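Input: a single structure, listed below in structure tokens.
Quantities reported herein were computed from a predicted structural model and do not represent experimental measurements.
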Amino acid sequence: MIQDLLDMADGSVRAAPLREETFNLIELVDECLSGLNIADQFDVAKTARNRPPVPLHADRLSVRRMLLCLLSNALKYATVPTNVEVFAQRLKDGSLMLAVRDDGPGIEESDLERLSRPFSKKESAQIADGSGMGLGLAIARELIQRHDGGLTLTNAPTGGAVVGLVFPGNRAPVARLTSSE
């Protein structure tokens, strides 16, 4: 949390050089989920798992940070028993969306734009301790914009919120990764 605050204050999120490479997005999702050590506490649906590689040309550490911000929010707002889903899908325009869905209260229409600005928090009875500083979505938004993409915030048809990182098609080639990549 402190590092997020410092990075937003000194502009590191906006100014740090991107170290772009092509990597398998599915492996990165699995690494993030495994690193959270949440299997005993949360039911995280890993729909990206056991899929063919999904190549993405981006800054791997930035994508990891964005995904962890989205997962952190989803785990905060999901109901008990928790149901959080991580998925990647190709959109009709050729772009690639990496999204996290929770089964929490969703997002009020009037809050959609505000929540992606720094220090904007969603009020919720489910977070009695007031944890978080409202930086996760702002950081994710800054980083995805640096990748020429966008952040989407919507309500899931079945309840809860879906937050997506949309990468332009030129960053997500359809061809599979080879063992040398």
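With Asp102 contributing its side chain and Gly160 its backbone, the two residues share no donor-acceptor pair below 3.5 Å. For Asn24 (side chain) and Val54 (main-chain N/O), a donor-acceptor pair under 3.5 Å exists by modelled atom type. Remark: side-chain polar atoms of Arg101 are not paired, donor with acceptor, to backbone N or O of Phe87 under 3.5 angstrom.
In this structure, CG on Leu56 lies 8.5 Å from CG on Leu98, to the nearest 0.5 angstrom. In this structure, CG in Leu61 is found 10.0 Å from CZ in Arg65, a value given to the nearest 0.5 Å. In this structure, Phe167 CZ and Asp148 CG are separated by 11.0 Å, a value rounded to the nearest 0.5 Å. Rounded to the nearest 0.5 angstrom, Arg64 CZ and Cys69 SG are separated by 11.0 Å. Once rounded to the nearest 0.5 Å, the distance linking OG of Ser62 with CZ of Arg19 reads 10.0 Å. In this structure, CZ on Arg141 lies 11.5 Å from OG1 on Thr152, to the nearest 0.5 angstrom.
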Under the criterion side chain to side chain contact (heavy atoms under 4.5 Å, CB included), I'd like the reasoning laid out for Leu25 against Val63: C-alpha separation, chi angles, the key distance, then a yes or no.
CA-CA 9 Å; Leu25 181 60; Val63 175; 4.0 Å; yes

From CA spacing to verdict: side chain to side chain contact (heavy atoms under 4.5 Å, CB included), His147, Met66:
CA-CA 12 Å; His147 286 84; Met66 288 185 275; 4.2 Å; yes

Report the C-alpha separation of Arg146 and Glu20 in whole Å, then their side-chain angles, then the decisive distance to 0.1 Å, and conclude whether the salt bridge (charged side-chain N to carboxylate O under 4.0 Å, His left out) test is met.
CA-CA 11 Å; Arg146 295 200 54 218; Glu20 299 185 28; over 6 Å; no

Given the rule in the side chain to side chain contact (heavy atoms under 4.5 Å, CB included) test, do Val163 and Thr154 qualify, once you have shown the distances and angles that lead to the verdict?
CA-CA 7 Å; Val163 183; Thr154 58; over 6 Å; no

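Side-chain contact between Val166 and Leu91 is present, with heavy atoms from C-beta onward closer than 4.5 Å. Counting heavy atoms from C-beta outward, Val86 and Leu70 have side chains that stay 4.5 Å or more apart. The shortest distance between side-chain heavy atoms of Val29 and Leu67 falls below 4.5 Å.
Taking all atoms of both residues into account, the shortest heavy-atom contact from Val84 to Ala74 is CG1-CB, 3.9 Å. Between Ile26 and Pro52 the shortest heavy-atom distance is CG1-O, 3.8 Å.
Here the rule is side-chain hydrogen bond (donor to acceptor under 3.5 Å, both in side chains) with Thr22, and of His57, Arg171, Arg60 only His57 fits it.
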